[in-house]
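For this chain, numbers begin at 1 and follow the sequence in order.
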Amino acid sequence: MLIPVQYYLIGIGWYGLFSIFIPVYGFLLLPALSVLAQDTEHFLMRIAKMQWGMMVAIYCISYAPALMMLNIPAYAGRMPCCCFICCWSCR
């Protein structure tokens with residue numbers, strides 16, 4: 001659910017909220033939902049693992065379309081190729 005929200009924020013050009021949405025709101029929502037579900041066994045360890053996973057798997061991946069929206073004159077028309085190469089080399 002977080003990746004579509006991130007892509008929507010990029011699409012409407014709201015870069016301020018895009019850059020803080022997951023680190024602020026996602027990291028607050030995840031522990032709150034866990035506490036409301038009364039799932040507090042090994043709370044800190046589990047939440048820390050989920051937040052690092054969310055940061056790597058969702059937050060970092062959601063920057064790929066943001067990179068494609070940049071206007072770099074020297075790379076006009078080659079941005080999708082550059083983004084693919086960047087993402088492929090990081091895996």
Please report the interatomic distance CG(L17) to CD1(I10), rounded to the nearest 0.5 Å.
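Here the rounded value is 11.0 Å.
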
Where at least one partner belongs to [range], residue pairs that pass salt bridge (charged side-chain N to carboxylate O under 4.0 Å, His left out), sequence neighbours excluded:
| range | result |
| --- | --- |
| residues 53-68 | none |
| residues 8-27 | none |
| residues 17-27 | none |
| residues 10-24 | none |

Under 4.5 Å side-chain linkage, directly or through intermediates, the cluster mates of L33:
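Answer for L33: L29.
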
Holding to side-chain hydrogen bond (donor to acceptor under 3.5 Å, both in side chains), I want the full list of residues that pass it with S19, two or more places apart in sequence or in another chain.
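Expected list: none.
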
Listed by chain and number, what are the side-chain contact (heavy atoms from CB on, under 4.5 Å) partners of Y8, not counting sequence neighbours?
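Testing Y8 for side-chain contact (heavy atoms from CB on, under 4.5 Å), a comparison that skips the adjacent residues, returns I12.
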
Show me the pairs that pass side chain to side chain donor-acceptor pair (under 3.5 Å) and involve residues 20-30, at least two apart or across chains.
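Passing the test, one end in residues 20-30: no pairs.
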
Sequence neighbours excluded, which residues qualify as ring-ring contact (aromatic ring centres under 6.0 Å, His included) partners of F18?
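F18: ring-ring contact (aromatic ring centres under 6.0 Å, His included) contacts with Y63.
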
Which atom pairs, donor and acceptor, lie under 3.5 Å between side-chain atoms of residues 43-58 and protein residues at least two apart or in another chain?
{"from": "R46", "atom 1": "NH1", "to": "S34", "atom 2": "OG", "distance (Å)": "3.1"}
{"from": "R46", "atom 1": "NH2", "to": "D39", "atom 2": "O", "distance (Å)": "2.7"}
{"from": "R46", "atom 1": "NH2", "to": "E41", "atom 2": "O", "distance (Å)": "3.2"}
{"from": "Q51", "atom 1": "NE2", "to": "F27", "atom 2": "O", "distance (Å)": "3.0"}

